[in-house]
Amino acid sequence: MTKPLSFSAFLMNTPNHNNHGLWREEDGYQRDFNDVDLWVSLAKRLDEGGFDSIFFADVVGLFGDFRGGWKYHVEKGLEIPSNDPMVLLSALAVNTENLGLAFTASPLQEHPFNFARRISTLDHISKGRIAWNMTTGFLENAFRNFGYDGLVPHDERYKWLDEYVDVLYKLWEGSWDEGALLKDRESGIFANPDKVHKINHVGERYKVEGPHLVAPSPQRTPVLFQAGSSPRGRDFAARNAEGVFIKAPSPEIASKQIEETRRLAVQHGRSADDLKFYQGLSFVIGETEEEAQRKAIELENKVDLEMMVAYMAGAAGIDLGDASLDTPLDDVESEGMSTFFKYIKENTPGRTARVADLARYHVRTIRVVGTPESIADQLELWQKAGVDGINVVNATIPGSYEEFIEHVLPVLRRRGLARNLDEETTTFRNRLFGEDRLNNRHPASKYRGAFSPKNLV
């Protein structure tokens, strides 16, 4: 029996994200990203239309320089200005019923004690629909914004994240025992203090006494996502994540990534099925294949390729601002992107690969073009490769999602590839895994009851 794919809307509270420059289009309402009504309206439509979640990417710093500085980013709106997605989720939580609410944050941004409190509060407000994308951060400017001299080395960032989540697990899973909250009017006892515990965490970076100030939320721990593709990142995901975001250029490559991470999860004492993999894809939909291909060309001509170069190279801390779009890649200093450049050259047969191909690669590689039926055919191939869900990347807001809901999801439902709309309201984790709380194979589960006096002896 075919299992439904899970669908998430991949967004950022900023004017430009992934397909840069399209805020200038007449239907590019992401231009008005400061207007909460835009997001509430979109979230309601996603909720009613059958999406399982809305996922906000985020950064807390500027991308690397372009043309020797950062003014270009401000001029073009290259993920600046941008707003805090955690704050926005409060508004979306009270205006939706089923939609999972996911956001990105790193240890750099907030002490774990207060972060745990805010997450638990959001999980209460949403009745159990919060998810957190665990990230380490990757921008030099972000680290300097929080008082560091520069980017903390890659493996050290993951070591930091390891301790960060350990503190969170202790607070979310171990500080309050089941049944601690009584709210008993007759006795006047609101909570049983014998079932509420300090965690007394002492680590390399943090000392947290506790207890957690928020009583257990519906999920306790939010649904945990991760998107790191490095060996260290995949190992962290195998140990900690429930959902993994990938951007593989083909189902075949996705299959290898998924199999490797599932194998690592089993090595860490988890089940291969404890992780769900979401492939990022954008869609160009037409009534005929010819119309879809025409729309794809029109869309590609509207994307600001120069911004795409600034975005992609800037993420790697490389300034390609002195190279025109026609510059051959062989003439560009590629330290830090040599593997990526090599891949583009190999996939540009019969001619010289140029800087513009770097930008087009990002636009084309994770794009599915076709009729609703042919798109469904292609999504079946991704599912056979091991993909459990699709992170739907937009060109415009809300148009990209309206079109997908109206034309593609009905076809997918007929094939059993999308869930029915009449399913009961549950927590986000329950929708994904059939249970509200983390299972006993997850490392956080070891803290359940761990701080009870009888277990501390």
Side-chain angles (χ1 to χ4, degrees), residues 2-13 17 27-30 32-33 35-57 85-103 122-131 218-219 222-223 225 243 276 278 280-285 287 368 372-373 375-376 379 388-434 436:
T2 302
K3 290 182 65 176
L5 289 164
S6 177
F7 291 92
S8 177
F10 187 40
L11 300 152
M12 187 170 173
N13 198 358
H17 182 232
D27 58 348
Y29 291 103
Q30 57 263 46
D32 302 320
F33 75 97
D35 186 351
V36 69
D37 292 337
L38 171 70
W39 300 110
V40 169
S41 175
L42 174 62
K44 285 182 174 180
R45 186 69 184 98
L46 293 169
D47 199 23
E48 295 164 357
F51 270 67
D52 290 299
S53 57
I54 184 170
F55 167 51
F56 285 91
M86 283 189 76
V87 179
L88 178 60
L89 291 190
S90 293
L92 305 188
V94 297
N95 282 285
T96 54
E97 295 182 2
N98 298 293
L99 194 67
L101 307 167
F103 73 100
L122 281 170
D123 204 51
H124 276 300
I125 291 171
S126 66
K127 296 180 171 60
R129 292 184 285 125
I130 296 299
Q219 297 183 126
V223 174
F225 282 95
K276 293 190 179 295
Y278 284 72
L281 293 173
S282 63
F283 298 88
V284 181
I285 307 162
E287 291 187 11
V368 179
E373 290 289 345
I375 287 172
L379 290 181
D388 303 285
I390 304 298
N391 224 9
V392 180
V393 178
N394 67 81
T396 59
I397 297 173
S400 295
Y401 300 110
E402 291 279 3
E403 197 173 17
F404 191 83
I405 289 169
E406 182 178 349
H407 298 293
V408 179
L409 282 180
V411 175
L412 296 174
R413 284 195 190 96
R414 289 196 293 271
R415 298 193 188 190
L417 287 170
R419 67 175 176 84
N420 294 323
L421 294 175
D422 56 356
E423 293 186 12
E424 293 183 6
T425 299
T426 66
T427 66
F428 186 29
R429 180 174 287 112
N430 199 300
R431 186 175 296 283
L432 296 181
F433 295 99
D436 295 331

Query - Stepwise side-chain contact (heavy atoms from CB on, under 4.5 Å) test for Val223 and Ile130 - result: CA-CA 7 Å; Val223 174; Ile130 296 299; over 6 Å; no
Query - Chi angles and distances behind the side-chain contact (heavy atoms from CB on, under 4.5 Å) call for Thr96, Ile54 - result: CA-CA 11 Å; Thr96 54; Ile54 184 170; over 6 Å; no
Report task. Take Ile397 and Leu38 through the side-chain contact (heavy atoms from CB on, under 4.5 Å) test and state the conclusion after the steps. Result -> CA-CA 9 Å; Ile397 297 173; Leu38 171 70; 4.1 Å; yes
Requested in this report: Decide yes or no on side-chain contact (heavy atoms from CB on, under 4.5 Å) for Leu11 and Leu42, but give the supporting numbers first.
Outcome: CA-CA 11 Å; Leu11 300 152; Leu42 174 62; 3.8 Å; yes
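Side chains of Trp39 and Asn95 form no contact here, defined as non-hydrogen atoms less than 4.5 Å apart. Here the side chains of Val368 and Val284 are not in contact, with every heavy-atom distance at 4.5 Å or above. Using a 4.5 Å heavy-atom cutoff, the side chains of Leu89 and Phe56 are in contact. The side-chain heavy atoms of Val411 and Ile375, taken from C-beta on, include no pair separated by under 4.5 Å. Inter-residue side-chain proximity for Ile285 and Pro372 is flagged as met; some heavy-atom pair is nearer than 4.5 Å. Within the 4.5 Å cutoff, the side chain of Phe283 has no heavy atoms near those of the Val408 side chain.
A distance-only check finds a donor-acceptor pair linking the side chain of Gln30 to the backbone of Ala395 [under 3.5 Å]. Between the side chain of Asp35 and the backbone N or O of Asp37, at least one donor-acceptor pair lies under 3.5 Å. With hydrogens and angles disregarded, no donor-acceptor distance shorter than 3.5 Å links the side chain of Arg129 to the backbone of Leu101. Remark: the backbone N or O of Glu373 is paired with a side-chain donor or acceptor of Arg415 at under 3.5 angstrom.
Ion pairing between Glu406 and Arg45 fails under the 4.0 Å rule for side-chain N and carboxylate O.
Contact detail for Pro222 and Ala131: the closest heavy-atom pair is CB-CA, 4.2 Å. Across all non-hydrogen atoms, the minimal contact from Gly49 to Leu409 is O-CD1, 3.3 Å. When all heavy atoms of Pro410 and Ile405 are compared, the closest pair comes out as CD-O, 3.3 Å. Considering all non-hydrogen atoms of both residues, Tyr278 and Ile390 come closest at CD2-N, 3.9 Å. The two residues Thr426 and Asn98 make their nearest non-hydrogen contact at N-OD1, 4.4 Å. Listed here is the closest heavy atom pair of Arg429 and Asp436: NH1-O, 3.0 Å.
Phe10 is linked by a ring-ring contact (aromatic ring centres under 6.0 Å, His included) to His17, Phe55, counting only residues two or more places apart in sequence or in another chain.
Atom OG in Ser6 sits 5.0 Å away from atom CG in Leu432 (nearest 0.5 Å). Within the model, atoms CZ of Arg431 and CG of Asp52 stand 5.5 Å from one another, a figure rounded to the nearest 0.5 Å.
Sorted by first then second residue, the side-chain hydrogen bond (donor to acceptor under 3.5 Å, both in side chains) pairs that include residues 389-398, not counting sequence neighbours, are Ser8-Asn391, Asn394-Tyr401.
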